[in-house]
Amino acid sequence: MEEINEVQNLEVASDGKQYIVVSLGEEQYGIDIKYIDNIVRMSRITRIPSAQNYFKGVINLRGEVIPVMSLRLKFDLEPDEYSNATRIIIIKPESQSAIGIIVDEVKEVITLSEEEIDKPDASESNDVNKQYLSGVGKTKEGLVTLLNITSVINEKENV
Amino acid sequence: MDVSQYLEIFIDETKEHLQTLSDQLMILEQEPENMDTINEIFRAAHSLKGMAGTMGFKRMQRLTHDMENVFQEIRSENMKVEPELVDVLFRGLDALEGYLAEILETANEGTEENEDIINSLNSIAEKATGKSSDGGTTAAAPKVEAAEVASSGEIKYDTIQITDFEKNTFDKAKNENQNIYGITVYLQESCILKAARAFLVFKALEEMGEVIKAVPDVQDIEDEKFEMDFSLVYFTKEGIEKVKTAIESVSEVREAVIGPFEAKGSAATSQEGASKPEEEKSASAAPKPAGNAPAAQQAAAKPAAQQAAKKTPAKSAKPTVGRTVRVDIEKLDVLMNLVSELIIAKNGLVSMSSGDETETKSETGFNEQIEYLESVTTNLHESVMKVRMVPIESVVNRFPRMIRDLNKKLGKKMELHMTGEDTELDRTVIDEIGDPLQHLLRNSADHGLESNEQRIALGKDEVGHIYLDAYQDGNNVNIEVRDDGAGINVEKIKNKALERGTLTEDQAAAMSDKEFIDLLFRPSFSTAEKITDVSGRGVGLDVVKTKIEGLGGSIECKTELGEGSSFIIRLPLTLAIIQALMVEIGAEKYAIPLSSIQTIEDVAFGEVKQVQTKEVINLRGTVIPLIRLDKLLDVEPGEFKPESLTVVIVKKGDKQAGLVVDNLIGQQEIVIKPIGDYIRCSKLISGATILGNGEIALILEANTLV
């Protein structure tokens, strides 16, 4: 388990927003650090019968039962292959209960200022998953898709 | 001075007093001459008045004051208790409960004056005693005193020194046509809560203008560091008289001396720091809110920031009062002891692991310690549960009053008999059970009982009887609502169902009486021919059922035509921890609550029969449908092919079903954890629990299967 408390303390220091960069296959996604409660290693997931297909089940996080969803399945990508780098990111929105999302790898923490973020262009892309995006961040290494994490976890029906 | 910290105590105590009032009024109605009761009511009204006054709830204070007055007259035997008076008093009680409800939600008493109740109280007192009532009520009484005692208050505010930048705000105020007053407030010598009174004065003043300066300063006044008076400089657009009345309406204020205030600053107006005066002004005008402004904003953003909300009661949206349980100190002592035992047990284990005893010896010692630990945790669990338990009394004690009102409203004579009020239930259950019970009682009163004439014609006792019995039954608590009325006419339900198209003729023919009665629990099904404002809209029993099932309980109805009907509610003792049977289905583990399990059977394959393409077994004469859990839960079938089926028979009311499982693990005490609302979870799963090895097992809700 990797505690990210230190990272959170740094947040105030700069004027930009901080994002945790995760990878799903070839793509890189950024998640606003303020929603992240914790990052844990893959642990045993208990299946929930007749749940949405992208919900892998529930895990036990220090005595709390937390639902876990697969970002890959949610984004209609190939099913997850768990490796040593696979992590569950525990998201804790302000007024909701915690939820975990499975990612291939957690890369780094980046700070993006307003200028470095491009808002999604409504006309250009007709991607079905566009509703989950809040913008694209430009870093030295390349582009990072910034996730609108609250809409990712809150959309209840997706058939 | 901030009274909000006393709000919780106030609410608790008010509830108690209101309950006393209600109980005693019921007695009074039966025995109008009972002096003890009258005294009791007088005391309760008096305490309520005092408390409401301290908290600054003036309307509530006024109403209780008048109630108290009436009882003062009765006590001194100037008048007698008439039924009419009791009715008015009950209305007053309802009004007080209304205030309390408002206070609970907004920390404010609201604006309902209840003028009519006060007037009828006064006119009753007037009529009975022949005297004219002291129409001015509460506010008048202290005012008269004040005028007598202190006519010559010193004008102390003249001595207030004004600094340069305060002077600046003076000029500004003059430009805005504000009046500048000096005020000296004198409290009564007998005043105990000086700071509280001063706070109320400030509050009253801030409604009409701004307090610019106070001597001694605001902090000292809050800390009660002043004698019987304090002086203020005050900006307002209102006239002197209005300000004076506002201050003197605060109780225990002896006098307020007010006059125009001339600034006697040391130096002439200086221009330095144009922004400073602004700061000073806002800081002194509203010392508390200003300091907390950032906090208040945060509070708005984060509903959880309760502390900030407490400090600014007027501004935050909802200073909801925390839910509390009063705990007997003995129960806490037991908890304390158990915790110390727990520590001893832990220490035993620690010394065991670091000890240098021989291996065999430590093995037995280890087991002993584990057993000790087990007994301690079991006891601890029991004690914690007991702390959460509240006698059902707190819910049911309002029912006699309700039945009394229905008595009058429906024009039926009826009596409520209650037993087992001391039966204890979990606090969360207690909070929710009130409405369903009230609904059932209303049903019984309105539909269940026949009219008085009918009863006499049927040779029954003229007075209808409704029973509310609560008792513990194993791990459940049963609450029975029973009446000796007409009972439920099954034919009527049948006709209604056919008429409404709920059932076809064929279906109806195949149904038992019991199944017809179950129809009553369907949404929007009412057999009442006429809708009254008591009940009969058909939005009732299904809501009751949903609510009770939400609490993990069940409801059942038994009826005998002409003899009466009874509704039996079964509730679990506690919600969080249950005994469960752990089973294996494929490779997955599930928990079935023990409370719903009847038996466990080994059934040979040959005994499974097919009825209408459904699998059933015949168990000692009863035909029980089989449910293949592995199919229902999409479990991948295991390799292992058993010789026979292991069937867990579960029951719900009189119905049964057999759940086919692969393997039994054993009985275990499990802690129920919610799964959360993200996952669209089938109704089968009521929650999850964490097993000893950290694994999660899902809890099967047997009620939905049957």
Side-chain angles (χ1 to χ4, degrees), chain A residues 1 8 12 34-35 37-38 40-71 73-74 88-102 132 147-159, chain B residues 298-306 317-318 576-577 582-591 627-637 659 661 670-701 704-705:
Chain A
M1 269 175 221
Q8 276 175 334
V12 201
K34 76 174 177 189
Y35 294 113
D37 180 69
N38 214 329
V40 296
R41 281 178 185 279
M42 201 57 203
S43 59
R44 199 195 140 97
I45 298 180
T46 305
R47 188 185 67 96
I48 304 269
S50 68
Q52 299 97 316
N53 71 325
Y54 50 84
F55 268 111
K56 301 300 283 184
V58 288
I59 57 163
N60 167 14
L61 180 71
R62 284 178 240 119
E64 289 301 313
V65 174
I66 305 214
V68 175
M69 76 158 54
S70 157
L71 262 197
L73 291 180
K74 180 87 182 176
I88 300 174
I89 299 184
I90 310 295
I91 306 285
K92 178 78 186 76
E94 252 169 57
S95 52
Q96 285 173 287
S97 47
I99 181 171
I101 56 175
I102 304 172
Y132 304 137
L147 289 178
N148 180 355
I149 200 72
T150 44
S151 76
V152 173
I153 59 174
N154 279 324
E155 197 215 14
K156 295 233 163 95
E157 299 299 311
N158 184 27
V159 186
Chain B
Q298 269 179 12
K302 274 190 191 175
Q306 271 196 340
K318 233 187 180 186
I577 305 169
M582 301 302 303
V583 298
E584 238 173 356
I585 302 160
E588 295 176 5
K589 286 181 184 141
Y590 289 89
I627 297 172
R628 297 270 182 174
L629 281 182
D630 50 352
K631 288 203 186 106
L632 202 65
L633 301 168
D634 309 316
V635 179
E636 286 179 29
L659 310 180
V661 301
I670 58 168
V671 180
I672 302 174
K673 301 263 180 188
I675 296 181
D677 45 9
Y678 293 109
I679 294 191
R680 185 185 58 210
C681 186
S682 75
K683 266 192 159 181
L684 284 175
I685 311 293
S686 66
T689 186
I690 294 171
L691 304 177
N693 58 2
E695 252 182 85
I696 294 178
L698 300 177
I699 303 167
L700 289 177
E701 184 57 60
T704 61
L705 290 169

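The chains referred to below are lettered A, B, ... by the order of the sequence lines, with proteins before strands, and numbering in each begins at 1.
- With a threshold of 4.5 angstrom between heavy atoms, B/I696 approaches chain A through its backbone and through its side chain.
- Contacts of A/N60 classified as side chain to side chain donor-acceptor pair (under 3.5 Å), with partners at least two apart in sequence or in another chain: none.
- Every salt bridge (charged side-chain N to carboxylate O under 4.0 Å, His left out) that B/E588 has, sequence neighbours left out, goes to A/R47.
- For A/I59, the part lying near chain B is the backbone, with the side chain staying farther off; criterion is any non-hydrogen pair under 4.5 Å.
- Of the residues considered (A/V65, A/I45, A/I66), A/V65 shows the highest number of contacts with chain B, using heavy-atom pairs under 4.5 Å.
- Taking CD1 of A/I48 as the start and CG of B/L698 as the end, the distance is 4.5 Å to the nearest 0.5 Å.
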